[in-house]
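Note sheet for the following structure.
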Amino acid sequence: GEPYTGLKPAGAAVEPGIKAADKAVASGNADKLVAAIAEQAGRSVRVRFDALMAKKKDMNKNIDAGREYVAAYVSFIHFVENLHQLLSGHDGHHQQREVTSQRTDHPH
């Protein structure tokens, strides 16, 4: 379902995530890739969470501070929701779900 955007010229930059995935395939070991992804995901969640907590302490000072808190909250919640959907196989890209994500105790 992805659009065809044409062939890329030789020497075109390859996204770091693609490079890391290709290295994992070439080496036959995904441990470094998994660790790097987990670290980046954790760091990204933490940055948004920390921004939210910084805004929360001042949210009742004035209307602008309240709006800033709400914006940080929405950013945090949407990021976590999108990350969860992606990891759950609900990203809409391939519509494939891993066996491990097909839990019977969690309605989809």
Do [X] and [Y] land in one hydrophobic cluster if side-chain heavy atoms of ILVMFWY residues count as linked below 4.5 Å?
| X | Y | value |
| --- | --- | --- |
| Val47 | Leu83 | no |
| Phe49 | Tyr73 | yes |
| Ile37 | Val14 | no |

Evaluation steps, salt bridge (Lys or Arg N to Asp or Glu O under 4.0 Å), between Asp58 and Lys61: CA-CA 6 Å; Asp58 294 330; Lys61 285 186 176 181; 3.1 Å; yes
How far does [atom1] of [X] sit from [atom2] of [Y], to the nearest 0.5 angstrom?
| X | Y | atom1 | atom2 | answer |
| --- | --- | --- | --- | --- |
| Lys55 | Arg67 | NZ | CZ | 14.0 Å |
| Ile77 | His84 | CD1 | NE2 | 12.5 Å |
| Tyr69 | Met53 | OH | CE | 6.0 Å |

Tell me if the CZ atom of Arg43 is crowded by more than 12 foreign heavy atoms within 6.0 Å.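 Counting neighbours around CZ of Arg43, more than 12 heavy atoms of other residues, nucleotides or ligands fall under 6.0 Å, so yes.
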Please lay out, stage by stage, how Lys19 and Glu15 fare under the test salt bridge (Lys or Arg N to Asp or Glu O under 4.0 Å). CA-CA 6 Å; Lys19 274 187 182 179; Glu15 183 201 333; over 6 Å; no
Charged tip of Arg48 within 45° of Phe76 ring normal and under 6.0 Å: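 The answer is no, since Arg48 fails at least one limit relative to Phe76.
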From Val25, Asp31, Leu33, residue fulfilling side-chain contact (heavy atoms from CB on, under 4.5 Å) relative to Asn29: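 Among Val25, Asp31, Leu33, the one that satisfies the side-chain contact (heavy atoms from CB on, under 4.5 Å) with Asn29 is Asp31.
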